[in-house]
Structure formats: C-alpha cells, structure tokens
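Note that the coordinates shown come from a computational prediction; the quantities given were computed from them, not determined experimentally. In the text below, chain A, chain B and the rest are named by the order of the sequence lines, each starting its count at 1.
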Protein chains: 2
Amino acid sequence: MRDDPSMISQKAKYALRALLALADLDAVSISAAELAERERIPRKFLEQILADLKRDGLVQSRRGAAGGYALLKPADTITFGHVLRLIDGPIAPLPCLSRIAYRPCEDCEDEATCRVRKVFALVANSARAVLDQTTLADAIAHPGRPLGLPQDIFGTA
Amino acid sequence: MRDDPSMISQKAKYALRALLALADLDAVSISAAELAERERIPRKFLEQILADLKRDGLVQSRRGAAGGYALLKPADTITFGHVLRLIDGPIAPLPCLSRIAYRPCEDCEDEATCRVRKVFALVANSARAVLDQTTLADAIAHPGRPLGLPQDIFGTA
DNA sequence: TCATATCCTAGTGGACTACTAGGATATATG
DNA sequence: CATATATCCTAGTAGTCCACTAGGATATGA
C-alpha cells in the first residue's frame, strides 16, 4: 500500500497558501521572508515557488529593499486547477486521461474499450469540475457561501 | 512540475485489470501465468498483486498443477474504491482529508478554517462518490448503460 | 516422480520530493 | 557612495518510493 498517491505535493499546498495570502493582502506587496514566516513555509523553498508563479504570470515581484511580491491577476481569475497543474502537473489518474499531457498507457490494448479508463474518466472529470471552477476568491470569500458546484460534472461522454 | 501526482499506480491498474479479467471468466479459475499473458502484466509482479488481493479476501487460489485464481466475491460487491485503497492507500489529496489514515497537516494552523482543505474536501468527496459506487460489475456491463452517478456527490458539509 | 502451480522473501535501478546552500544582482535609504 | 535588504539563479542531497526482477520453497494433479 502506498503512502498516499492521490495526494497533492507539499509544494502545491505552499503555492496555494502563498497565493491565498497574497490575495488577502490585496494591493500591497509582501516579502518572501515575511510571507514565509506568516504561512510557515521554508523561506528558500518559498522563493523557488514564487519564481514558478512569477514565470507563469500569476505574481509580480520587485527587487531590493522594500521589494516583495504581489498578485498580478485578480483572485477570481486564478483557479485551483491552474495552480495545481502548474506545480504538480496534469490532473489525471491515468496518462491516457490527461488533456495537457496525453500519453497512451503502454500496456493498454484498446483505449476505447478499456474498462479501467472508463471509470477513471469519471473521476478525472469530477475532480476537474471542482478544481477548474474554484478560484482563490471562492476559497477566501464569505463562510456563508458553501463553495457550490454547478451542472454537468461528468461531461457528455 | 511533477510527472503526474493524481495518477494511480501501475500496480493498482494491474490489480483492477486482473480482477476484471477474473470477473469475465466467471466461475472458472485461471493461472497467474495465463492471466499475466492475457492482460500483459509481468508475471512475478502479478503474483504479488494476487497475493494482496487474496489476503484481502477478494480472490481465492489453488496451488499445484491445475491450480489458479478465482474471484471469491461477486463482481457487483467489489468497488474500485476498495481495490484502490487496498493497493494504493488512502484516497485523499491531503492527509487531513483521509478517512482511513487521517493525519493533520504539520504546517496547518487551524484545520477548521483552512481554505485549501475546504476546496480539496470537495475534490475528495467527488472522487470517492465515483470510486465507492462503481463496482467491477458496473465496469463490465452493458455498453449501453452510461456508468451513471447518483445523488449527493458532495456530501452535506 | 515430475511438471506445474502458488507462495514467500530479498533486493535493485531509477526517479522524485522537499528541501538546503551559496552567492549574484538589484534597489531604497542613510 | 555604502550598506542593508530584497529578489534571483544554480547546484546539490538525503530520503523515499515505484515497478519491477530473482530465486527458491511448497503444494498438487497426472
């Protein structure tokens, strides 16, 4: 038995927490050191993560004294799915179910009739439904709102 | 970026394929060697997998010439979730969301208000909804039937 | 007896995670 | 200008895990 396969990486968790913290700030910037302390993230590791986020355009930075990081896009345009794919790679239980990094299963005879694939396609769709429709803003907002999910979770296949 | 985090293990895929093949047989038994060839699974690896399945009571075996393996439980009582947990461990994107192996996130201040947790709870619930309600029989049956999903996918939280 | 099975334990190469380390470069302030 | 404070960039590393392979002990039917 594996430890936990479906688990997201620590790095992705840090990235999401950092982005949420930046969204909390709203307009002001914060240094990596301060952010690291506030969110209990190893500082040097956080720097690498912020570099990834910057490379993707989610975050902007300023160097030197009084420098720091700030969100570059509105919090309601950044989805959990986007961040997760950026840091952790494809969201797909099988390579043959990935949209951004499709690869056939090497030992699979016929993809169209694969019964394992058919079931995990449902899993993938439902996970994506949540991740691609939930934004940082959703996660922050009003505790009253129940983080709702919309229609058509399982696609049309 | 990771290769693919949400991916199930090759071992779990083999286990599911093996069980489906056993369910196809229906009543008759088959040797590991034959099953391995049919499903393109490394023979020795498959033996280990079958041992796991046997230990869990899903499969029975007979030794010696004319020995082999057979399903021990009806195919409509074996869920994908059960097999996945058996082979791959907990189905939870965060340790604090696992039901069978709960552990708090070490760097998490307050679980109740954790915004990352809140979102991934939805992911976990929707994945479990599929996996715990889909049986081997469902995966085998009639191509007409669309592998439907029932109500209340997101729990009551 | 002998071929054919399952059963059981070890071990291994390669990949990946979660960091740490060290310093180069840029910027505000005195 | 000097200095403190930041970001930026590249390497490296201990530990863990996956996906097997290897080798043989044990049981069973012919």
query = Within this structure, what is the CD-to-P distance between B:Glu37 and C:dA5, rounded to whole angstrom?
reply = 12 Å
request  = Return the nearest nucleotide to the side chain of A:Gln10; candidates are D:dA6, C:dA5, C:dC19.
outcome  = C:dC19
Separation of C:dT4 C1' from B:Leu35 CG (nearest whole Å) = 17 Å
task = Provide, to the nearest angstrom, the distance between the OH atom belonging to B:Tyr14 and the C1' atom belonging to D:dA19.
result = 8 Å
ask   = Counting only side-chain N and O atoms of A:Tyr69, is one of them less than 4.0 Å from OP1 or OP2 of D:dA6?
value = no
query = If you measure from CZ on B:Phe80 to CG on A:Leu122, what distance do you get to the nearest 0.5 Å?
reply = 10.0 Å
query = Taking CG from B:Leu46 and P from D:dA19, how many angstroms apart are they, rounded to a whole number?
reply = 15 Å
Rounded distance (Å) that lies between atom P of D:dA19 and atom CZ of B:Arg17 = 13 Å
message = Are B:Leu35 and B:Leu72 linked, directly or through intermediate hydrophobic residues, by side-chain heavy-atom contacts shorter than 4.5 Å (ILVMFWY only)?
response = no
message = Expressed as a whole number of angstroms, how long is the span from A:Asp88:CG to C:dA18:C1'?
response = 12 Å
inquiry  = Can you measure B:Met7 atom CE to C:dA15 atom C1' for me and round it to whole angstrom units?
reply    = 12 Å
key: Contact letters for nucleotides 23-30 of chain D, in which S counts primed atoms plus P, OP1 and OP2 and B counts the base, heavy atoms under 4.0 Å   = BB-BBBS-
Main-chain N/O of B:Ile8 paired with B:Asp88 side-chain donor or acceptor, under 3.5 Å = no
inquiry  = Within the structure provided, determine whether A:Lys73 and A:Leu58 are in side-chain contact (heavy-atom separation under 4.5 Å).
reply    = yes
task = Examine A:Leu84 and A:Tyr102 and state if one hydrophobic cluster contains both, with Ile, Leu, Val, Met, Phe, Trp and Tyr joined whenever side-chain heavy atoms are less than 4.5 Å apart.
result = no
d(CG, B:Leu50; C1', C:dT6) in whole Å = 10 Å
query = Could one point to a donor on the side chain of B:Gln48 or the base of C:dT6 with an acceptor on the other under 3.5 Å away?
reply = no
ask   = Within the structure shown, what part of the strands sits under 4.0 Å from A:Lys54 by heavy-atom distance: base, sugar-phosphate, or nothing?
value = sugar-phosphate
query = B:Ser61 side chain N/O closer than 4.0 Å to the phosphate oxygens (OP1, OP2) of C:dC7?
reply = yes
request  = Kindly indicate whether the side chain of B:Thr135, heavy atoms from C-beta on, has any atom under 4.5 Å from the side chain of B:Ile78.
outcome  = no
message = Between B:Asp24 and B:Arg38, does any NZ, NE, NH1 or NH2 come within less than 4.0 Å of an OD or OE carboxylate oxygen?
response = no
